Amino acid sequence: MSAERHILILGGTTEARQLAAGLAADPALRVTSSLAGRVAEPRLPAGQVRIGGFGGPSGLARWLREQQVDALIDATHPFAGTISFNAAQAAAEVHVPLLAVRRPGWVAGPGDDWHETGSLEEAAAALPALGERIFLTTGRMGLAAFAHLDRLWFLVRSVDAPEPPAPARMEILLDRGPFTVEAERELIRRHRIDVLVTKDSGAAATSAKLTAAREAGIPVVVVRRPPAPPGVPTASGPADAIQWLRHLPLPGA
């Protein structure tokens with residue numbers, strides 16, 4: 001990487017921050033991280049930071065062109081499907097190389113009682129047959145899918161306070177990972193949780209709840225990831241992404 005190149009990283013994930021830190025140390029690179037702005041106090045990565053949307057794929061394509069971006073790395077959350085498809089469309093339009101960083105998903109092991117669903121709505125439909133006291137860890141944006149379940153009680157954990165519509169019977173726990181197995185075990189015991197609901201985010205920082213649920217013998221409703229854009233190369237983590245970038249024949253190389 002001899003000449004300065006502009007790298008745009010999409011995402012406020014742990015992988016995105018690790019990637020930004022690894023790339024920002026290279027004086028031959030100009031690194032910009034784009035955060036969606038959905039968290040009130042995000043953990044800011046190294047390098048330049050922009051917050052907010054681009055205005056769809058056309059707006060992102062315009063930004064890539066105007067800012068002379070040489071490579072685009074989509075390190076968003078596995079469930080941030082819209083921005084990933086926007087990135088694929090924009091990168092193809094302006095002929096900017098695109099890589100998606102996707103952490104491996106969780107895999108059920110011996111002793112796990114997992115119920116996989118394709119959406120939050122399917123997860124909500126499965127709950128009445130599984131239990132009455134729900135540990136809901138799917139984030140604050142999708143509570144509307146569970147708002148009609150008046151007979152169930154929810155412990156809702158999120159980084160920022162959720163907004164209605166939301167379940168009538170719930171307690172809100174504002175917290176941010178990483179979480180320990182001991183802490184998750186205590187939450188399940190203290191609140192008498194009998195069902196865990198989670199998205200397959202695949203993050204090690206939030207996987208302790210799966211171990212605690214297995215130990216407690218309670219079912220886990222797992223929402224599967226949405227499909228990824230076809231034809232986009234992927235890396236499993238920041239180290240692989242850096243190697244991809246170093247071997248990329250960017251314009252002007």
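Just so it is clear, the structure is predicted and the values come from calculations on it, not from any experiment.
For Thr117 (side chain) and Glu122 (main-chain N/O), no donor-acceptor pair under 3.5 Å exists by modelled atom type. Here the side chain of Arg17 pairs a donor or acceptor atom with the backbone of Gly12 at under 3.5 angstrom.
No hydrogens or angles considered: a donor-acceptor pair under 3.5 Å links the side chains of His6 and Thr32.
The pair Arg157-Glu184 meets the salt-bridge criterion, with a side-chain N (NZ, NE, NH1 or NH2) lying under 4.0 Å from an Asp/Glu carboxylate O. Note on Arg102 versus Asp74: salt bridge recorded, some NZ/NE/NH1/NH2 to OD/OE distance being below 4.0 Å. A salt bridge does not link Arg133 to Asp194: none of the charged side-chain nitrogens sits closer than 4.0 Å to a carboxylate oxygen.
More than 12 non-hydrogen atoms from other residues, nucleotides or ligands lie less than 6.0 angstrom from CD of Glu93. By the neighbour-count criterion of 12 heavy atoms within 6.0 Å, atom CD of Gln68 is sparsely surrounded, having that number or fewer from other residues, nucleotides or ligands.
In the hydrophobic clustering, where aliphatic and aromatic side chains (Ile, Leu, Val, Met, Phe, Trp, Tyr) are joined below 4.5 Å either directly or transitively, Val107 stands alone.
Ile7 and Leu98 end up in different hydrophobic clusters when Ile, Leu, Val, Met, Phe, Trp and Tyr side chains are linked at under 4.5 Å.
Residue pairs meeting the ring-ring contact (aromatic ring centres under 6.0 Å, His included) criterion with at least one partner in residues 188-217, sequence neighbours excluded, are Trp153-His191.
Counting heavy atoms from C-beta on, the side chains of Leu187 and Phe179 never come closer than 4.5 Å.
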Check the pair Gln67, Arg30 against side-chain hydrogen bond (donor to acceptor under 3.5 Å, both in side chains), reporting the backbone distance first and the verdict last. CA-CA 11 Å; Gln67 298 297 320; Arg30 173 189 168 200; 3.2 Å; yes
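Thr198 is linked by a side-chain contact (heavy atoms from CB on, under 4.5 Å) to Trp106, Thr137, Lys209, Leu210, Val220, Val222, counting only residues two or more places apart in sequence or in another chain.
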